[in-house]
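Everything numeric in this text was worked out from a predicted model, so none of it was measured.
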Amino acid sequence: QVQLVESGGDLVQAGGSLRLSCAASGSIFSINSMGWYRQAPGKQREMVATITSGGTTTYADSVKGRFTISRDNAKNTMYLQMNSLKPEDTAVYYCNARRTYTAITYTSYWGQGTQVTVSS
């Protein structure tokens, strides 16, 4: 089993910055992809950014140029640097890790989330 613990969420003024961290433990070997997802009140959970084991990153259009995802393999930790925050970034942010077995089968793990609130 993989355990994921997010931290770094806070209340911040629009235009400010935050760095979220996700510490992974347990059976973390062969994790192919990790990412950050968020869910705002009344909305579905959406992908924010992902990073593969090879270092390839993807971002939601709404955060491109403002957020940066990274991994520190030595610390088993993933980060999301969030700059130029907007009120619409307000959400619970969740850490995700995925272990892919075949082209169509995988196991996905989730953290409990960390609240990010951006005031206008």
Worksheet item: Would a distance-only check, ignoring hydrogens and angles, find a side-chain to backbone donor-acceptor pair under 3.5 Å from R99 to F29?
Response: yes
Item to complete: Please name the pair of heavy atoms, one in R38 and one in S62, separated by the smallest distance, quoted to 0.1 Å.
Response: NH2-OG, 3.4 Å
Discussion item. Could you check whether any side-chain N or O of E6 sits under 3.5 Å from a backbone N or O of Q112, counting only pairs where one atom can act as donor and the other as acceptor?
Written reply: yes
Worksheet item: Between the side chain of T90 and the main-chain N/O of T117, is any donor-acceptor distance below 3.5 Å?
Response: no
Item to complete: Enter the distance from R98:CZ to S30:OG here, rounded to the nearest 0.5 Å.
Response: 15.5 Å
Practice prompt. Ignoring hydrogens and angles, state whether a donor on the side chain of T52 or N32 is under 3.5 Å from an acceptor on the partner side chain.
Written response: no
Worksheet item: Apart from L18 itself, what residues make up its hydrophobic cluster when side-chain heavy atoms of I, L, V, M, F, W and Y under 4.5 Å apart count as a link, directly or indirectly?
Response: V2, L4, V12, L20, I28, I31, M34, W36, V48, I51, Y59, V63, F67, I69, M78, L80, M82, L85, Y93, Y109, V116, V118
Discussion item. For the CD atom on E46, are there more than 12 heavy atoms of other groups (residues, nucleotides or ligands in this structure) within a distance under 6.0 Å?
Written reply: yes
Worksheet entry | Row check, Y94 ring normal vs R45 NZ/CZ: under 6.0 Å, within 45° | yes
Fill in: A23 to T77 - nearest heavy-atom pair and separation
CA-OG1, 4.2 Å
Practice prompt. Could you check N96 against S108 for side chain to side chain contact (heavy atoms under 4.5 Å, CB included), going step by step and ending with a plain yes or no?
Written response: CA-CA 7 Å; N96 171 263; S108 188; 2.6 Å; yes
Response to the item:
Scanning both residues in full, the closest heavy-atom pair of S84 with S17 reads N-OG, 4.3 Å
Fill in: Where at least one partner belongs to residues 12-30, residue pairs that pass salt bridge (charged side-chain N to carboxylate O under 4.0 Å, His left out), sequence neighbours excluded
none
Item to complete: Could you walk me through whether N73 and R71 pass the side chain to side chain contact (heavy atoms under 4.5 Å, CB included) test, one step at a time?
Response: CA-CA 6 Å; N73 292 330; R71 297 171 66 176; 3.8 Å; yes
Discussion item. Once side chain to side chain donor-acceptor pair (under 3.5 Å) is applied, do any residues pair with S120, and if so which ones, sequence neighbours excluded?
Written reply: none
Worksheet entry | Identified side chain to side chain donor-acceptor pair (under 3.5 Å) counterpart of T50 within the set T58, T57, T56 | T58
Worksheet item: Does a side-chain N-to-carboxylate-O contact under 4.0 Å join D61 and K64?
Response: yes
Worksheet item: Ignoring hydrogens and geometry, is there a side-chain-to-backbone donor-acceptor pair from Q39 to V92 under 3.5 Å?
Response: no
Worksheet item: Checking T102 side chain against I104 main chain: does a donor-acceptor pair fall under 3.5 Å?
Response: yes
